[in-house]
K.L.:
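Take this structure, written in structure tokens, and hold onto it; I'll ask about it next.
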Protein chains: 2
Amino acid sequence: MTPDTDNAQLRKAQDRFIDAWGRMGSVWGISRTMAEVHALLFVTGDALCMDELMDRLNISRGNASMSLRALLEWGVITKAHKDGQRRDYYVAEQDVWAMFRAILRERVKREVEPLIESLGEVRELYPSQGKDAPESARDLDQRLSEMQEVFELVATLGERFAGPSGQGLKVAAKLLAKAPARRKAKA
Amino acid sequence: MTPDTDNAQLRKAQDRFIDAWGRMGSVWGISRTMAEVHALLFVTGDALCMDELMDRLNISRGNASMSLRALLEWGVITKAHKDGQRRDYYVAEQDVWAMFRAILRERVKREVEPLIESLGEVRELYPSQGKDAPESARDLDQRLSEMQEVFELVATLGERFAGPSGQGLKVAAKLLAKAPARRKAKA
DNA sequence: TTGTGATTTCATATTTTTCTGAAAGTTTCC
DNA sequence: GGAAACTTTCAGAAAAATATGAAATCACAA
């Protein structure tokens, strides 16, 4: 097996990973390209510059720029610099748990917090207390307050375990994964 | 305050909830209409038929049909029947925790499982064991296997706590919400 | 079986999201 | 200052996702 064959294999594996992660990106509500840029940086582990990304992924400069900015906001990549070069390089967070926490944090922010806020606002729109509150209003409020409670709990959990403070998620996950098990303890 | 005023208020609150839940729908990677149909069924708590949904949400028959089918697949609504009527009615699961479990289960199925499968396939594409395995291949495999591990753990957790079997999630969530707390114990 | 009301399907239209590329903006170095 | 090297912005183009509505299908009752 020659080095060339090796490289071709690795390159193909990288491409397949980029494709898979990109596809998930669209399921997760982020753009496919953004996920692909992240995948490329993650899977190679290298610091790459914009032109290298554009080349490898066949995307435009504008798209690369916007994707990189979004990934920086998510906190899953950072800027790096090579010696005396002017150009910006980018590297992906290599610790998978840290990456996962960053993703979770951002998703809670985008997918849960706005909903909690809306629920609060909606519940202001009708009187549900006091003797004049009709049955139907109390019904509605019951439903909405239960939902608010659930999502607030989720947000709290997210904050606690994905917050910037530490390893919480990993520990919690392992704990939970084992605790209620009855069988198959060896996995 | 007249009953008419009451109704107008409730109706407005419902509409705002439908709007909020629908907006979240698009963030979650499901169509906005599908989320709105679910929101309407949930927030009213009533059994509604297709024409009622079309009326209230201003959507076409085809759209209503497809959204209902998808919601049935997610397991967050069920068919109901009124006495001798031919027409189908639909009701939303009213237990918020059960609903949340159903959503979580489906999201793991769509967002995590395909990725795990792809990771397995990608890791078959190059040799990473034995003396002929180049450094770069072992590097790559290290990254991919860590990622696989994380997502497998997530899938396991999801299955355990959102599986059809029970209340797992609620209990786990409360446990986690309290356990690592240091301050502010009264919330 | 046939008729009727209800639902599903699917080709096409609409809307929304994403991408491109060239111009404008920055930063760095001479 | 100003020129070169990069990056960002954004209007318009392209692509993808959603919605429509009429025809096809289904299911039940007579």
K.L.:
May I ask you to list the residues of residues 18-30 of chain A, by number, that have any heavy atom positioned under 4.0 Å from an atom of DNA chain C?
P.N.:
none

K.L.:
Kindly state each residue pair satisfying ring pair (Phe, Tyr, Trp, His ring centres under 6.0 Å) with at least one member in residues 102-124 of chain A, sequence neighbours excluded.
P.N.:
none

K.L.:
Using a cut-off of strictly less than 4.0 Å between a heavy atom of the residue and any atom of DNA chain C, enumerate the qualifying residues of residues 41-48 of chain A by number.
P.N.:
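Per residue number, the list is empty: none.
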
K.L.:
Go through the structure and list residues passing side chain to side chain donor-acceptor pair (under 3.5 Å) with A/Lys82, not counting sequence neighbours.
P.N.:
none

K.L.:
For B/Phe17, enumerate each residue passing the ring pair (Phe, Tyr, Trp, His ring centres under 6.0 Å) test, keeping only those at least two apart in sequence or located in another chain.
P.N.:
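Ring pair (Phe, Tyr, Trp, His ring centres under 6.0 Å) check on B/Phe17 returns B/Trp21.
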
K.L.:
Please check the phosphate of D/dA17 (OP1 and OP2 only) for any side-chain N or O of B/Ser31 closer than 4.0 Å.
P.N.:
no

K.L.:
Same cluster for B/Leu72 and B/Met34 if Ile/Leu/Val/Met/Phe/Trp/Tyr side chains link at under 4.5 Å?
P.N.:
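Yes: a chain of side-chain contacts under 4.5 Å links B/Leu72 to B/Met34.
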
K.L.:
For residues 46-96 of chain B, which residue pairs pass the ring pair (Phe, Tyr, Trp, His ring centres under 6.0 Å) check, not counting sequence neighbours?
P.N.:
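Counting only pairs at least two positions apart or across chains, no ring pair (Phe, Tyr, Trp, His ring centres under 6.0 Å) contact touches residues 46-96 of chain B.
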
K.L.:
Please give, in whole Å, the distance from D/dT8 P to A/Met54 CE?
P.N.:
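Rounded to whole Å, this separation is 13 Å.
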
K.L.:
With sequence neighbours left out, what residues match A/Leu125 under side-chain contact (heavy atoms from CB on, under 4.5 Å)?
P.N.:
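Checked A/Leu125 against side-chain contact (heavy atoms from CB on, under 4.5 Å); matches are B/Ala13, B/Arg16.
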
K.L.:
Show me the donor-acceptor pairs within less than 3.5 Å that the side chains of residues 40-55 of chain B make with the rest of the protein, sequence neighbours left out.
P.N.:
unit_1, atom_1, unit_2, atom_2, d
B/Thr44, OG1, B/Leu40, O, 3.0
B/Thr44, OG1, B/Asp46, N, 3.1
B/Asp51, OD2, B/Arg61, NH2, 2.9
B/Glu52, OE1, B/Cys49, N, 2.9

K.L.:
Locate the shortest heavy-atom distance separating A/Thr33 from A/Ser67; write the atom from each residue and the value.
P.N.:
CG2-OG, 3.8 Å

K.L.:
Could you pull out all residues at least two apart from A/Arg32 that satisfy side chain to side chain donor-acceptor pair (under 3.5 Å)?
P.N.:
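A/Arg32 satisfies side chain to side chain donor-acceptor pair (under 3.5 Å) with A/Asp19, A/Glu36 only.
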
K.L.:
Taking only N and O in the side chain of A/Thr33, is any of them less than 4.0 Å away from OP1 or OP2 of C/dC19?
P.N.:
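Answer yes for this pair, as a side-chain N or O of A/Thr33 is under 4.0 Å from OP1 or OP2.
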
K.L.:
Any side-chain donor-acceptor pair under 3.5 Å between A/Arg143 and A/Gln148?
P.N.:
no

K.L.:
Let me have a per-nucleotide readout for nucleotides 1-7 of chain D, 5' to 3', with B, S or -, counting only protein heavy atoms under 4.0 Å.
P.N.:
---BBSB

K.L.:
For the pair made of CD in B/Glu36 and C1' in D/dA19, what is the distance, rounded to whole Å?
P.N.:
12 Å

K.L.:
Mark yes when over 12 heavy atoms from residues, nucleotides or ligands other than B/Gln85 sit less than 6.0 Å from its CD; otherwise mark no.
P.N.:
yes

K.L.:
Quick test: give all pairs of protein nitrogen or oxygen and nucleotides 10-16 of chain C nitrogen or oxygen below 3.5 Å, distance rounded to 0.1 Å.
P.N.:
none

K.L.:
How long is the line joining NE2 of A/His81 and P of C/dT27, in whole Å?
P.N.:
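Rounding to the nearest Å, NE2 of A/His81 and P of C/dT27 are 12 Å apart.
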
K.L.:
Using a heavy-atom cut-off of under 4.0 Å over every strand shown, decide if B/Leu68 touches base, sugar-phosphate, or nothing.
P.N.:
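The answer is nothing, as B/Leu68 stays clear of every strand by at least 4.0 Å.
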
K.L.:
Using atom CG of A/Leu71 as one end and atom C1' of D/dT8 as the other, report the distance to the nearest whole Å.
P.N.:
16 Å

K.L.:
Show which side-chain atoms of residues 107-117 of chain A pair as donor or acceptor with protein atoms under 3.5 Å away, not counting sequence neighbours.
P.N.:
unit_1, atom_1, unit_2, atom_2, d
A/Arg107, NE, A/Glu111, OE2, 3.1
A/Arg107, NH1, B/Glu111, OE1, 3.3
A/Arg107, NH2, A/Glu111, OE2, 3.3
A/Arg107, NH2, B/Glu111, OE1, 3.1
A/Arg110, NH2, A/Gly29, O, 3.3
A/Glu111, OE1, B/Arg107, NH1, 3.4
A/Glu111, OE1, B/Arg107, NH2, 3.2

K.L.:
Is the shortest heavy-atom distance from the side chain of A/Ile103 to the side chain of A/Val76 under 4.5 Å?
P.N.:
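Result yes, sub-4.5 Å side-chain heavy-atom pair found.
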
K.L.:
Just how far, in rounded Å, is C1' of C/dC19 from CG of A/Leu53?
P.N.:
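Going from A/Leu53 (CG) to C/dC19 (C1'), I get 16 Å.
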
